[in-house]
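Scroll down for the structure; my scribbles are underneath it.
Residue numbers count from 1 along this sequence.
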Amino acid sequence: MATPVVMPKQGQSVESCIIVEWKKRPGDEIAVGDVLCEVETDKAVMDVESPLAGTLLAVFYEAGDLVPVLENIAAIGAPGEDVSSLGAVAEAPAPTAQTVAAEQSPTVAAPTPAAAAVAADETSTSAVSPRARKLAAQKAVNASELAGTGPGGRVIERDVQAAIAAQPRLTPVAQAMVQSGAYRAPEQGSGPGGRVMSKDLAAATPATPAAPLESPVAPAASAVPAVAQESAAAGVSTIPLRGVRRVIAERMLQSMQSTAQLTLNRTADARSLLAYRQQLKASDEAWGVQKVTINDLVLFAVTRVLPRFPELNALFSGDALQQYAAIHLGFAVDTPRGLIVPVLHNAQALSLRQVAAESRRLSAACLDGSARPDELSGGTFTVTNLGSLGVESFTPILNVPQVAILGVGGITLKPVETDAGVEFVRHLNLSLTINHQVVDGAPAARFLQGLAQGLAQFELLPAL
């Protein structure tokens, strides 16, 4: 009996993953532990391994699809076994090369928006299965023009898959130009692997004369989408929003829409902080603290000050506030794939050297994509630092369900009145965003005050 392979659950906060690439294809022989595909969360890229040996009978999602966790993504078994009951999306086994050649309909050009609208009106709900209709909409295939192989000639998913396999592979710009209806694609292009590029497209011959338009400029402006025009003429690239970038976009919008965010700003005297770091840099290499950064020092200061303010070290679930005694400190890492937030678990128990070493290890793991799900989840408070990039101050966005996030800006000179007159003293810029639904301004201000005092007398913090 065929066995499904499910999308594994990657931590408590991850609800879906994006399939990056399939490493195996239907028909391949699979051993236990073979990597079937790579999947991506908003934090990392991970491998999905096969739980059993057999033949990969079908995959139910394609690369680029966003799949809920614990959803069936593939089926493994003996050749010829039925998998139609296993796929949440697939209604039949994925077509092999032989069945595609035998069953596919003639190549169908990507429909224009007007044609797609007409097709949608003309296609009855009984002629195309819901899953086939969903896949056709995702891949810009006109399902009404396909020859159905389902009961009574109904178009099912394998018919759409066959049509997709028969279509030429297009670059994003070429696809936008074809979908405009003004261009048609050849069967093979000049790009890598025969991919069709914008320069390979030919002008489409309209079936009927175009209706007169009110403005003579309108045909030229509407013939090609603005993005495609700019891409072809000015070298502008169209980048689909997918992967980590897509999830970050969703999370940031959710954060702003679901919380009452308030940001407080202040500065902290940085003279003690900078002097302490100079001592570390000049210390014996055997101590292992020469590479401690300003960010490491700020993280350490937070672990010593935050326990006095439990209302900020908390998660808000919508009807209850969970305050934590342990500090699970997240810190933002900039990677080529987007912003990732690893977590220093039980950071209040770590020494400065341990904080620095662990933050360095986690940062490297985020950059090379090897961070584990448990290293990227469970945070109760987050620090994000843009000071090294010259940013003086900014408004950090909450990492929900956390109720507070600290933004660290650059070190700038600030005039301070002393007995000798006005002096310009180096200060570190701090910004604290809170969820004002559950955290009041006064406790947040007291935390910032305590943190600023700790940074201004940094040499005393290890004693706490």
Side-chain angles (χ1 to χ4, degrees), residues 2 4-7 15-19 22 25-26 37 57-75 82-97 99-170 172 174-181 184-185 204 207 225 240-242 246 250:
V5 178
V6 302
M7 176 66 74
E15 298 179 352
S16 59
C17 302
I18 295 170
I19 296 178
W22 283 102
R25 300 294 178 188
C37 63
L57 302 177
V59 296
F60 303 134
Y61 293 91
E62 295 185 4
D65 288 346
L66 184 66
V67 184
V69 296
L70 304 181
E71 187 80 24
N72 293 347
I73 59 173
D82 180 27
V83 298
S84 59
S85 62
L86 299 180
V89 173
E91 295 167 327
T96 63
T99 58
V100 168
E103 298 177 356
Q104 70 184 18
S105 61
T107 301
V108 180
T112 65
V118 172
D121 291 337
E122 294 178 350
T123 303
S124 67
T125 55
S126 60
V128 183
S129 73
R131 292 189 176 108
R133 187 181 303 108
K134 178 181 178 182
L135 179 60
Q138 292 175 344
K139 303 300 181 181
V141 173
N142 192 345
S144 66
E145 296 185 11
L146 301 183
T149 61
R154 191 183 194 199
V155 175
I156 59 177
E157 189 186 21
R158 68 180 176 191
D159 303 320
V160 179
Q161 290 175 331
I164 294 170
Q167 287 183 332
R169 295 170 58 242
L170 308 177
Q175 185 175 19
M177 295 172 69
V178 169
Q179 289 179 345
S180 73
R184 56 183 176 83
L241 198 62
R242 59 166 61 102
R246 175 180 174 180
E250 294 173 349

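Here the closest non-hydrogen pair linking Ala74 and Trp22 is CB-CH2, 4.0 Å. For Tyr61 against Glu71, the heavy-atom pair with the smallest separation is OH-CG, 3.4 Å. Closest non-hydrogen pair, Gly148 versus Asp159, comes out as CA-OD2, 3.4 Å. Closest non-hydrogen pair, Val155 versus Leu146, comes out as CG2-O, 3.7 Å. Closest heavy-atom contact between Pro26 and Leu57: CB-O, 3.9 Å. When every heavy atom of Cys17 is checked against every heavy atom of Met7, the shortest pair comes out as CB-SD, 3.7 Å.
Looking only at distances, no side-chain donor or acceptor of Asp65 sits under 3.5 Å from a matching main-chain atom of Val67.
Checked against side chain to side chain contact (heavy atoms under 4.5 Å, CB included), Glu250 has the following partners two or more places apart in sequence or in another chain: Arg246.
Taking CG of Leu135 as the reference point, atom CD of Glu62 lies at 6.0 Å (rounded to 0.5 Å).
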Check your understanding: For Val128 and Ser144, what are the C-alpha separation, side-chain angles and deciding distance, and is it a side-chain contact (heavy atoms from CB on, under 4.5 Å)?
Key -> CA-CA 8 Å; Val128 183; Ser144 66; 5.9 Å; no

